[in-house]
Each structure stands twice: as structure tokens, then as C-alpha cells.
Visitor: 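I am attaching a structure below and will ask some questions about it afterwards.
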Amino acid sequence: MNGEYRIRAATPDDASVIAHHRGTMFRSMGDFDEAAAAKVAEASLPLLNEMLARGDYLGWLVMYNDKSVAAGGGMILRKLLPRPQALQGGTESLIVNIYTEPEHRHRGLARLLMQTMLDWCREHQVANVVLHASDEGRPLYQTLGFVQTNEMRWQPRRQDQ
């Protein structure tokens, strides 16, 4: 990475960029087409506005030449019930929306975002950090110390999908 890139905290004014990244991230993973990606972005925008304003969603953006967003990522903070490794409970961070625009990929931007978020988590004594890895992102997350766990997922079938 060179001096053309710098990272900054996201603000509520960035909600539309983050929503776009969210939809495009799912499209690039092959989960759905452009129209569905646009629907996810549109549906995400109001909630992102609220969460950014309340501080429930913390985001970071990598700027290219201080003009355009090259990459972004964020985390949702939630209360953690006491458990063996964190008897006092604490905060858990769910890392979401790690996305790099195609023309800026393979320049270490996702690593920069992840290191920034993990540094924030250490500084704020976050008890647990989780994420859902795409096949493309998994090698990066493993180099940062993430390990696969026993998480399972159930998704009810909905009529509006």
C-alpha cells in the first residue's frame, strides 16, 4: 500500500456508501444478482443511518487520494453474556461489510481495515470478535488469528424472498 490511501472513521454521512458495499459484497460472493444487491443496499440504508448515529455500528473507510472510497468495513457491537472465557460478560464485535472495490484489490486494504478494527477492539477491551468469512476472505482472517468455530445457522424460509 502506498501514500495514496488513508483510513478514516465512517460517519452517518457515509451510510449510503456502506449500504452500497453491503449489497455489492453479497453480489461479489455470488449470493445474488445486481438487482438483489440493490435491494439489500436500499433496505440497509435506514438501519445503517440509525446505527451509525447511535454508535451501534462502527465503520472505517479507506480513501483513495482523499477523493473516493476504495474499501470499507465495520462492526456491530452487542452485549455478551458471561461465558467461560469472559465471566464478566462484556462486549462482542461482529465484523461485517468488509469490501474492497475491484480496482483496489490485492493492495492490503482489507488487512488494513481488519487491523484497525482489531486494534480498536483491543483498546476498548472487547471480549469477543466474530465474523462470517467468504471463501476469498478466509485466508486473510486466518493470518490474523481467526479460527473456525462450531457456529451453525438456521434461516427460516420467508415468503418475500
Side-chain angles (χ1 to χ4, degrees), residues 1-78 92-121 126 129-146 148-149 151-161:
M1 186 169 50
N2 58 39
E4 298 171 310
Y5 295 99
R6 76 172 178 84
I7 194 165
R8 69 169 176 82
T11 70
D13 292 338
D14 297 310
S16 62
V17 171
I18 297 167
H20 163 75
H21 280 175
R22 184 164 180 76
T24 307
M25 172 192 69
F26 286 117
R27 182 182 50 77
S28 69
M29 290 188 310
D31 287 353
F32 43 67
D33 62 18
E34 188 69 37
K39 286 180 183 178
V40 165
E42 181 181 344
S44 297
L45 185 57
L47 189 55
L48 281 165
N49 275 316
E50 292 174 24
M51 293 176 75
L52 282 159
R54 282 193 318 255
D56 296 336
Y57 182 100
L58 301 177
W60 286 266
L61 301 174
V62 178
M63 303 302 295
Y64 177 67
N65 287 331
D66 288 326
K67 295 178 184 168
S68 62
V69 178
M75 57 183 157
I76 298 169
L77 303 176
R78 55 191 180 193
E92 180 174 69
S93 168
L94 171 63
I95 293 181
V96 295
N97 301 336
I98 302 297
Y99 182 76
T100 302
E101 296 290 347
E103 63 272 20
H104 297 282
R105 291 183 181 166
H106 306 292
R107 297 181 187 180
L109 303 183
R111 180 175 296 278
L112 173 63
L113 285 162
M114 289 298 301
Q115 289 172 328
T116 299
M117 288 187 279
L118 293 174
D119 288 347
W120 188 95
C121 289
V126 170
V129 179
V130 295
L131 57 76
H132 296 107
S134 67
D135 291 340
E136 188 176 351
R138 189 176 316 279
L140 167 63
Y141 304 137
Q142 289 172 328
T143 67
L144 294 170
F146 284 84
Q148 196 163 345
T149 67
E151 181 176 291
M152 297 176 72
R153 185 181 319 178
W154 178 77
Q155 295 177 313
R157 302 214 189 278
R158 293 181 38 183
Q159 299 300 325
D160 61 345
Q161 291 183 345

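Note that the coordinates shown come from a computational prediction; the quantities given were computed from them, not determined experimentally.
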Visitor: Once salt bridge (Lys or Arg N to Asp or Glu O under 4.0 Å) is applied, do any residues pair with E34, and if so which ones, sequence neighbours excluded?
Guide: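 With neighbours one apart ignored, the set is R27.
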Visitor: Check whether any side-chain heavy atom of F146 lies under 4.5 Å from a side-chain heavy atom of V129, and answer yes or no.
Guide: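 Of all side-chain heavy-atom pairs linking V129 with F146, at least one is under 4.5 Å.
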Visitor: Any non-hydrogen side-chain atom of I7 less than 4.5 Å from a side-chain atom of M63?
Guide: no
Visitor: For the pair D33 (side chain) and A35 (backbone), establish whether a donor and an acceptor sit closer than 3.5 Å, ignoring hydrogens and angles.
Guide: yes
Visitor: Please list all pairs meeting side chain to side chain donor-acceptor pair (under 3.5 Å) that have one or both residues in residues 133-144, counting only residues at least two apart or in different chains.
Guide: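 Side chain to side chain donor-acceptor pair (under 3.5 Å) check on residues 133-144 returns R111-T143.
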Visitor: Would you tabulate the side-chain donor-acceptor contacts of residues 69-78 under 3.5 Å, counting partners in other chains and residues two or more places apart, or write 'none'?
Guide:
{"residue": "R78", "atom": "NE", "partner": "E92", "partner atom": "OE1", "Å": "2.7"}
{"residue": "R78", "atom": "NH2", "partner": "E92", "partner atom": "OE1", "Å": "2.9"}

Visitor: Would you check, one step at a time, whether the test side-chain contact (heavy atoms from CB on, under 4.5 Å) holds for L144 with L118?
Guide: CA-CA 9 Å; L144 294 170; L118 293 174; 4.3 Å; yes
Visitor: Take R6 and V62, measure what side-chain contact (heavy atoms from CB on, under 4.5 Å) needs, and give me the verdict at the end.
Guide: CA-CA 6 Å; R6 76 172 178 84; V62 178; over 6 Å; no
Visitor: Sequence neighbours excluded and cut-off under 3.5 Å, please list the side-chain donor-acceptor pairs for residues 45-55, or say none.
Guide:
{"residue": "N49", "atom": "ND2", "partner": "L45", "partner atom": "O", "Å": "3.3"}
{"residue": "R54", "atom": "NE", "partner": "D56", "partner atom": "OD2", "Å": "2.5"}
{"residue": "R54", "atom": "NH2", "partner": "D56", "partner atom": "OD2", "Å": "2.8"}

Visitor: Could R8 and D14 be called an ion pair, given the rule that one side-chain N must be under 4.0 Å from one carboxylate O?
Guide: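 Looking at D14 together with R8, the answer is yes, because their closest N to O distance falls below 4.0 Å.
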Visitor: Decide side-chain contact (heavy atoms from CB on, under 4.5 Å) for L94 and H132; before the verdict, give the C-alpha distance in whole Å, the side-chain angles of both, and the deciding distance to 0.1 Å.
Guide: CA-CA 9 Å; L94 171 63; H132 296 107; 4.3 Å; yes
Visitor: Output the distance between atom OG1 (T100) and atom CG (L112), rounded to the nearest 0.5 Å.
Guide: 9.5 Å
Visitor: Measure the shortest side-chain to side-chain distance between Y64 and L109 over non-hydrogen atoms and say whether it is less than 4.5 angstrom.
Guide: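 Result no, sub-4.5 Å side-chain heavy-atom pair not found.
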Visitor: Please name all residues satisfying side chain to side chain contact (heavy atoms under 4.5 Å, CB included) with H20, sequence neighbours left out, ordered by chain then number.
Guide: T24, E101
Visitor: Counting only heavy atoms not in E103 (residues, nucleotides, ligands), do more than 12 fall under 6.0 Å from its CD?
Guide: yes
Visitor: Just how far is it from atom CD of E4 to atom CG of N65, taken to the nearest 0.5 Å?
Guide: 5.0 Å
Visitor: Any side-chain heavy-atom pair from M117 and I98 closer than 4.5 angstrom?
Guide: yes
Visitor: Let me confirm one number: the OG-CD1 distance from S93 to I95, rounded to the nearest 0.5 Å.
Guide: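 These two atoms lie 5.0 Å from each other.
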Visitor: Enter the distance from L113:CG to W60:CH2 here, rounded to the nearest 0.5 Å.
Guide: 9.5 Å
Visitor: So, using ring-ring contact (aromatic ring centres under 6.0 Å, His included) as the criterion, who are the partners of Y57 when residues are at least two apart?
Guide: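 So Y57 forms no ring-ring contact (aromatic ring centres under 6.0 Å, His included) with any residue.
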Visitor: Are H21 and F26 packed together at the side-chain level, in the sense that at least one heavy-atom pair is separated by less than 4.5 angstrom?
Guide: no
Visitor: Taking all atoms of both residues into account, what is the closest heavy-atom pair of R22 and V40, and its distance?
Guide: CG-CG1, 4.1 Å
